[in-house]
Every structure is written in C-alpha cells, then in structure tokens.
Amino acid sequence: MMYETMEMRQVFANELDKAMAKNKRICLIDADLCKANGRASLDAKYPKRAFNVGVAEANMISIAAGMSSYGMIPFVATFTPFATRRVCDQIAISCLYAQQNVKIIGSDPGLTAEYNGGTHMSVEDIGVIRSIPNIVIFEPVDNTQLVKAFPQILKYVGTMYIRMFRKVPTPVFKDNYHFDMFSADIIETGKDVTIIASGIMVSAALEASKILKKANINAEIINAHTIKPIDINTILASVQKTKAVVTCENHNIIGGLYSAVAEALSANDPFPMEAIGIKDRFGQVGKLNFLLPEYEMTPEDIVKAVIKVLDRKR
Amino acid sequence: MNFKEKAKAIRRSTIETIGSLGVGHIGGSLSIVDVLVVLYYKHMNIDPANPKMPGRDRLIISKGHSGPALYAVLADKGYFDKSWLLTLNRPHTSLPSHCDMNLTPGVDMTTGSLGQGFSCAVGVAKASKIVKDHAIIYTIIGDGESQEGQIWEAGMFAGNAKLNNLIAFTDNNHAQIDGFTADINCVDPLSKKWKAFGWNVIEISDGNDPDQIDTAIIKAKTSRSKPTMIILNTIKGKGVSFIEKAGYANHNMPLSQDQVAMALKELE
C-alpha cells in the first residue's frame with residue numbers, strides 16, 4: 001500500500017477531506033499551522049467549513065465547542081503542546097464539562113518535534129489532559145491504524161485528543177488489521193514479559209523483541225493506542241501471564257502511559273514495572289537519531305529495561 | 001410589554017432566588033436584568049416549550065456567574081417551574097451558580113471560566129452562518145471579563161469573519177471582585193477598542209434603560225457586515241439601594257432574610 005511512503009499528516013488530510021465531502025457538519029479549524037500540517041487544500045475546498053483563526057489556540061478550542069453545540073463536528077489542529085497545555089482550561093470547560101463533540105488533533109508529539117526543540121516538544125501533553133474527566137486520548141501508530149480509526153473517530157460523540165505523528169511512520173499494521181478504539185492490540189504474543197507501547201515506540205518495541213528473542217526471552221507486545229480509557233482487560237490478562245511489564249512512550253513517564261498502566265494494574269493485580277520514556281526532562285533540539293539515545297528510548301534501552309524487570313520478577 | 005415592570009419582577013425573583021440560599025452573585029446578576037428582559041420578552045425567536053428548537057436565537061452569557069438573573073427570566077418564560085428557583089446551588093440542583101447548558105432548560109452554553117463563552121458564541125454564530133438558518137446569536141460579557149485575552153482573540157476573529165449575526169453586550173458595571181475595574185486593570189476605552197477590532201459599536205449611557213437597549217438592538221440587527229458590540233453602562237447591583245451602595249463588594253455577597261425583605265419592598 002502507498003501508505004508506507006505517505007506522511008501521516010497527508011493521510012489524515014485525505015481522510016478528513018473524504019469525510020467533509022460526505023458530511024456537511026464536519027468542520028476544520030486551524031491556528032496558523034494548516035500549511036505545516038498539510039491541510040491548506042481543505043481551506044480552499046471548503047471555504048466556509050474549514051477556516052483559520054490565526055495564532056489563537058484558546059479561541060480555536062472554544063469556537064469549536066460553540067460550533068459543536070450547534071450540531072457541527074469540529075476538528076481543531078495544531079502542534080501537540082499548543083493543542084493541550086496551552087488550552088487546558090478551554091478543553092476542560094468549553095469541551096468536556098460542556099459535553100461537546102470536539103476532535104483535537106495534536107501533531108509532532110514528544111521528541112518528534114525535532115528541530116523545533118524544547119518549546120514545541122510536548123513531554124507532558126497526555127499528563128496535562130488525562131485527568132480531565134471523560135476525555136479520550138488516542139495515539140495512532142501508523143497510517144493503516146489511522147485510516148481504520150477514522151470512522152470510529154467520527155462516530156464517537158465526545159471530545160477526543162488525537163496525538164499524531166506528522167511524518168512518515170514506520171508501518172506496523174497490515175491491511176487486514178481489525179481496529180477497535182477502546183481495545184489495545186496484541187501485536188506479538190509472548191510469555192516472559194509484557195511490553196506496552198504507544199506511538200513511535202511501538203516499532204522500537206518490536207525491534208527490542210527481536211533482540212530479546214536471541215536471548216530466548218519472549219515478549220508480548222501490546223499497542224495501547226488509546227491511553228484513556230486504558231484497556232485494562234487486555235493488559236491485565238497479558239500481565240497476569242507474563243508477570244512483568246515494561247511501558248514505552250514518547251512522553252514524560254509521569255502522567256502518560258506508564259502512569260495509566262500503573263494506576264490500572266495497582267487497582268487490580270500489580271506486578272513489577274519498568275518505564276521507557278522521557279524521564280521528567282524537557283525536550284531539546286535535535287533529530288530523532290540523536291534524541292532517542294539521549295533520552296534512553298532506543299530498542300537497546302528497552303532490552304535493558306526488560307532484563308531489569310525480569311530480575312525483579314517474583 | 002412594560003419592560004420596566006417586568007424588570008422589577010425579574011429583580012424580585014432574582015433576590016428571592018439568591019436570598020433562598022443566603023449568598024450569591026447579586027451585583028452582576030442585577031446589572032443585566034434589563035437587557036435580559038428586552039431580549040427575552042421582545043427580540044429573541046425562542047420557544048420555551050421547545051428549548052432546543054433548531055434555528056432559534058441564542059443567548060450565551062459569557063459572564064456565567066450571572067446565572068441567577070437568567071434563571072429568573074427562564075422560569076418566568078415557562079422553561080421550568082418557578083419552584084426550581086429555590087433550589088439554586090442546592091445538592092443536585094438544575095440551577096448552579098454558573099450557567100450550564102446540560103442542566104438548565106433554555107441555557108445555550110456552559111459558561112463560567114471567563115472569556116470562553118464569548119469564543120463559544122463566535123463559534124455558534126459561525127455555525128449558524130454555515131447552516132444559513134438566519135438565527136441571531138446574542139452574548140453578554142463583563143467589563144472585568146474583558147481583561148481576559150481570549151475576549152480579544154474572539155473579538156478579532158468575529159470582526160474579520162464579518163459575523164453580523166452576532167450581537168454582543170458588555171455589562172460595563174465598572175466593578176470586579178477585587179475592586180473597581182479602573183483601579184485593577186482599566187479596560188477603557190471600550191468603544192474605541194471594539195471599533196478597532198472591526199465591530200459596529202453602540203454605547204448606551206444608561207445600560208439599565210430598557211428603551212435605550214431596545215433601540216440599540218433594533219439598530220444592531222441592521223448591521224450588514226459587522227458584529228455589533230452594545231456597551232451597556234450599568235450599575236452593579238442595580239435596583240436595590242443597599243446593594244448598589246455596597247459597590248464592588250456586591251459581586252458575591254451574603255443576603256440576610258431582613259435584607260431580602262428590604263430589597264423586595266424597594267422593588268414593589
């Protein structure tokens with residue numbers, strides 16, 4: 001499939017274009033990043049329903065909530081930090097507390113902001129909004145998953161944050177993949193350790209799994225594409241089998257996937273856990289090939305974490 | 001419709017509502033009673049029996065703490081039974097301090113975090129333009145609220161988007177929680193600011209005079225390409241002398257039963 005060479009932003013724009021052509025209630029609001037996010041053609045094609053509020057993210061979120069109250073289905077889009085921490089109160093009150101149906105697209109999560117550096121690297125976006133009641137947080141792994149998720153994003157009535165990689169993602173899922181927004185995916189089965197990964201860290205986890213197999217360690221790889229609500233049933237069943245967990249996320253290990261899994265397991269059946277992710281540091285400029293080793297987020301780092309958690313296994 | 005008599009009745013009802021609890025946002029509720037009366041008893045295309053009627057005119061009170069005045073109007077219009085008014089802020093009430101569209105029939109947007117309701121109103125006006133239902137979207141902001149940056153983000157966009165279906169009011173009652181607006185962080189000159197943001201501006205010397213408000217709304221409806229900002233120079237706590245005299249302290253003040261009786265007598 002051509003998805004393998006497409007940037008995720010283009011896949012998203014294509015899916016939105018198709019949806020907007022079919023459903024006149026779907027709107028798109030940008031805050032001066034429609035070109036960066038590959039959506040300029042939609043502004044031209046749907047001049048009334050796709051528009052730009054300029055550099056005013058708070059206004060963008062509340063305008064979307066107002067449009068939702070009128071029965072529209074607004075998508076808003078900007079970079080992850082400006083889609084979350086900058087507009088936390090607008091998301092909480094205008095969207096969730098008011099029970100509106102707003103789809104918030106954040107692009108360039110975590111370290112993937114690369115040369116935009118620390119100001120644009122959301123190490124905390126999931127943590128900031130995860131405690132807002134009823135919000136759904138979805139982080140697509142690859143283009144196939146995003147395309148399969150799109151009808152469910154449209155169908156879901158409520159405010160959802162989609163944490164989206166912007167460039168060409170490493171393909172993970174096949175065309176015959178069955179997607180459910182609220183079910184985590186078991187990508188590989190194994191008996192020794194459960195590795196739960198999200199976003200760009202899924203392909204790193206799969207690389208780590210190959211290395212581990214050489215040492216006769218069989219990891220079960222789970223993609224928690226939806227971080228809230230976390231699919232505790234799938235995770236718990238796996239962890240009760242393997243009795244050890246490593247989480248892998250492109251986010252601060254405080255407040256994100258590690259926290260969500262730890263909260264869910266500790267309330268049910270806790271097991272030793274290790275975390276791969278940004279360890280309570282801010283981001284900095286650099287390409288991923290510098291940043292991932294710098295933040296100890298490579299497949300080799302995952303392998304080390306697995307060995308550590310296996311030592312702690314009861 | 002005798003606006004002045006109706007406004008008196010709504011003020012009595014507002015006092016009874018807040019008085020039933022003993023404390024509430026009296027000042028900013030009483031200051032907007034007159035504009036609510038002119039809107040709900042003359043201008044707005046609404047149906048209390050069908051609060052969600054498609055294509056209806058809408059009112060978004062961005063200064064959401066003025067809920068009690070709106071509730072008095074909605075009850076009088078028949079959106080819900082008047083007995084609800086005595087449940088203000090009681091456990092599981094449908095009438096919270098701040099307006100909530102999911103709890104109260106007739107409330108068009110959940111507001112209370114200042115600045116946001118105004119952006120929501122801009123979004124509603126934009127949506128109405130898209131579906132071409134010719135609704136008029138009304139919204140009320142506070143002068144203290146106008147210190148929020150989001151007010152000006154929304155104002156700039158609405159002016160540029162030529163949302164002439166949006167009619168906004170500034171309840172310019174000159175006071176906020178911590179003091180007089182001029183002393184805290186002066187928002188003047190409001191007329192010049194809104195003109196500069198591309199709005200049609202009408203300033204009313206007595207924002208508690210229903211006839212002046214009525215005339216301004218009639219004029220605002222003729223705006224062809226601009227949203228309208230009607231600046232209401234109001235008195236916080238309008239209509240009850242001891243509440244007016246309390247000045248900015250009337251933002252959220254306690255009311256004893258004796259004070260309730262005194263206020264109701266003055267409003268007879």
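Note on naming: letters A, B, ... go to the chains in the order of the sequence lines (proteins, then strands), and numbering restarts at 1 for each one.
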| B/Lys221, NZ atom: more than 12 neighbouring heavy atoms under 6.0 Å | yes
| request: Identify the two heavy atoms, one from B/Gly123 and one from A/Met67, that lie closest to each other, and give their separation to 0.1 Å. | output: O-CG, 3.1 Å
| Greater than 12 external heavy atoms within 6.0 Å of A/Arg86's CZ | no
| Do you know which of B/Lys52, B/Met109, B/Arg58 has the most heavy-atom pairs under 4.5 Å to chain A? | B/Arg58
| Would you call B/Lys126 and A/Phe51 a side-chain contact if the rule is heavy atoms closer than 4.5 Å? | yes
| note | Note: vs chain A, highest number of non-hydrogen pairs under 4.5 angstrom among B/Ser128, B/Ala135, B/Pro54 is B/Ser128
| Note, B/Asp108 side chain near A/Ser69 side chain (heavy atom, < 4.5 Å) | no
| task | Answer yes or no: does atom CG of B/Asn45 have more than 12 heavy-atom neighbours from other residues, nucleotides or ligands under 6.0 Å? | result | yes
| Which one of B/Gln150, B/Lys129, B/Met101 has the most heavy-atom pairs closer than 4.5 Å to chain A? | B/Gln150
| query | Would you say the side-chain atoms of A/Asn59 pair up with the backbone N or O of B/Ser119, donor to acceptor, closer than 3.5 Å? | reply | no
| What distance separates B/Asn102 CG from A/Tyr97 OH, expressed to the nearest 0.5 Å? | 8.5 Å
| task | Just do the side chain to side chain contact (heavy atoms under 4.5 Å, CB included) check on B/Val131 and A/Met72 with the steps written out, would you? | result | CA-CA 10 Å; B/Val131 302; A/Met72 314 300 275; 4.1 Å; yes
| field | Other residues, nucleotides, ligands: >12 heavy atoms within 6.0 Å of A/Lys35 NZ | value | no
| More than 12 heavy atoms of other residues, nucleotides or ligands under 6.0 Å from OH of B/Tyr248: is that the case? | no
| If you draw a 6.0 Å radius around CG in B/Leu103, do more than 12 non-hydrogen atoms from other residues or ligands fall strictly inside? | yes
| field | Top contributor to chain A interface from B/Cys120, B/Ala154, B/Ala161 [non-hydrogen pairs under 4.5 Å] | value | B/Cys120
| query | Should we count NZ of B/Lys162 as having more than 12 external heavy atoms under 6.0 Å? | reply | no
| query | Picking from B/Thr111, B/Val122, B/Ile130, which has the most non-hydrogen pairs under 4.5 angstrom with chain A? | reply | B/Ile130
| said: Quick check for you: among A/Ile93, A/Ile29, A/Asp89, A/Ile61, which has the greatest number of heavy-atom pairs under 4.5 Å with chain B? | reply: A/Asp89
| said: Tell me whether B/Asp178 at atom CG has more than 12 heavy atoms from other residues, nucleotides or ligands lying less than 6.0 Å away. | reply: no
| said: So for B/Asp133, is it side chain, backbone, both, or neither that comes closer than 4.5 Å to the heavy atoms of chain A? | reply: side chain
